[in-house]
Amino acid sequence: MTTDNCNWMTPPPASPELAGGVLSIDLAALADNWRFMAKKAAPAQCAATVKADAYGLGLEPAARALWSAGCRTFFVALPHEGAALRAILPEAVVYVLDGLLPGQAAFYGEHALRPALASLEEIAEWAEYCKTAEARLPAAVHADTGISRLGLSAADVRRLAARAGLLTSFRLTLVMSHLACGDEPGHEMNARQRARFDELRALLPDAPASLANSPGTFLGEGFTHGLVRPGIALYGGNPFSGRPNPMKPVVSLYAPILQVRNVEPGETVGYSATWTAARPTKLAILGLGYADGYLRSLSWPAHDGPAQVCIGGQYAPVVGRVSMDSITVDVTDVDADFAVRGMRAEVMGAHVTVDELAKWAGTIPYEILTSLGMRYTRLYSPAES
Ligand SMILES: *Cc1c(COP(=O)(O)O)cnc(C)c1O
């Protein structure tokens, strides 16, 4: 075995004909969604959350499109995501939401990343690093106001406030917290978290503040503070539960019809024979499966399902189990001119929304997007400049 020319992953083929699915990403819609959110947030600034490869869309094209639209501040989860973004956008402000692990401060310094410091230990380490670097380097302080995830407790914010020396050893550029129930506008947690946040940030030196993710941006003036940091809404996911989606779809996914076959009543489809034809049925086998992020929970009958694909403007239900590389749809009622080998079905896009897919899979659009696989041919429109 040699180590040269060793690729960890087979790169996806450049030609759609050689790939199972085609993933088409509308960068103009992404930019429009950012501008829409920026308008909602004004006079607060609008950042963009681009963690997890821009929610599966591709960090580089997404970040460039957002920068061109006017976005200047970005949030990632991991330090290496921050370094990747720094290489793409040398002038962007980049916050890293996971904060600091022991020994990581120098990496942040090298790549001009701002940690979202989530504990007194992390703050002490950042302060120590600033001393070594002889610079008051920028960072966010992340306070927890009720989601009980990352962030300083209220008691720790008070301890921090009492330590002026610690607070002056770095440049506090953002005080942030995160909402647990922003997607439910009427939830009492929202007002409670806002009140706690406003109380805690008042203890700290004056700095821009940020509480709102995508849904939080729609909660109104008291929630937008100085900066909002939407993710899912930019990528076309519905920021609300149970209300119409105001965002433009960004991601479309097409899968080829590999084979069309007819089965008699009584024949079954797929592993474990979970679906039985009740009539003479025409089936189409599509070339994408759970290895591509078409979640197995989309198998018939799915949640509130069945899941649907769109072929030639008509819907066809997914029948049987989702396999690793294929799904089967019932095309008996689809126009015969479209239900043919080599044609492509829309699996997600304008007719089958990411929100519908999420509902059928019993999950949220975030998981649909971040599960998108590596085997697709990815087409970005307009072309990357
Ligand atoms: C992921 C994340 C966001 C973005 O949330 P959306 O719901 O996708 O808008 C914002 N802030 C924090 C702390 C996050 O983890």
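First listed ligand is number 1; within each ligand, the first listed atom is number 1. For reference, positions follow the sequence shown, starting with 1. Scope of the values below: all heavy atoms of this structure, side chains included, with no hydrogens, waters or symmetry mates.
For atom 2 (C) of ligand 1, the closest non-hydrogen atom on the protein side is Lys51 NZ, 2.5 Å. Nearest protein neighbour of atom 11 (N) of ligand 1, counting heavy atoms only, is Arg229 NE, 2.8 Å. Given atom 13 (C) of ligand 1, the protein heavy atom at minimum distance is His178 ND1, 3.5 Å. For atom 7 (O) of ligand 1, the nearest non-hydrogen atom of the protein is Tyr366 OH, 2.6 Å. Looking at atom 5 (O) of ligand 1, its nearest protein heavy atom turns out to be Asn213 CB, 3.4 Å.
Under 4.0 Å from ligand 1, the heavy atoms of Tyr55 that appear belong solely to its side chain. With a 4.0 Å cut-off on non-hydrogen atoms, Arg149 touches ligand 1 through its side chain and not its backbone. With a 4.0 Å cut-off on non-hydrogen atoms, Ile232 touches ligand 1 through its backbone as well as its side chain.
Inclusion of Met176 in the set of residues having an N or O under 3.5 Å from an N or O of ligand 1 is not warranted. Not a single N or O atom of Thr49, backbone or side chain, sits closer than 3.5 Å to an N or O atom of ligand 1. The shortest N or O to N or O distance between Ala233 and ligand 1 is not below 3.5 Å.
Heavy-atom contacts from other residues, nucleotides or ligands closer than 6.0 Å to CZ of Arg72 number more than 12. No more than 12 heavy atoms of other residues, nucleotides or ligands sit less than 6.0 Å from atom CD of Gln45.
Judged by distance alone, the side chains of Arg229 and His178 do bring a donor and an acceptor atom under 3.5 Å apart. Using modelled atom types and a 3.5 Å distance limit, the side chains of Asp355 and Asn245 yield a donor-acceptor pair.
Using a 4.0 Å cut-off between charged side-chain N and carboxylate O, Asp26 and Lys248 make no salt bridge.
When the options Ser214, Ala212, Ala77, Ala48 are ranked by their closest heavy atom to atom 9 (O) of ligand 1, first place goes to Ser214.
For the side-chain contact (heavy atoms from CB on, under 4.5 Å) with Val318, the lone residue among Val329, Asp330, Leu298 that qualifies is Val329.
For the pair Met189 and Leu179, the minimum side-chain heavy-atom distance is 4.5 Å or more.
The heavy-atom pair separating Val260 from Ala339 by the smallest distance is CG2-O, 3.4 Å.
Below 4.0 Å from some heavy atom of Pro230 lie the following atoms of ligand 1, by number and element: 9 (O).
Here CG of Leu253 is found 6.5 Å from CG of Leu372. Values are rounded to the nearest 0.5 Å.
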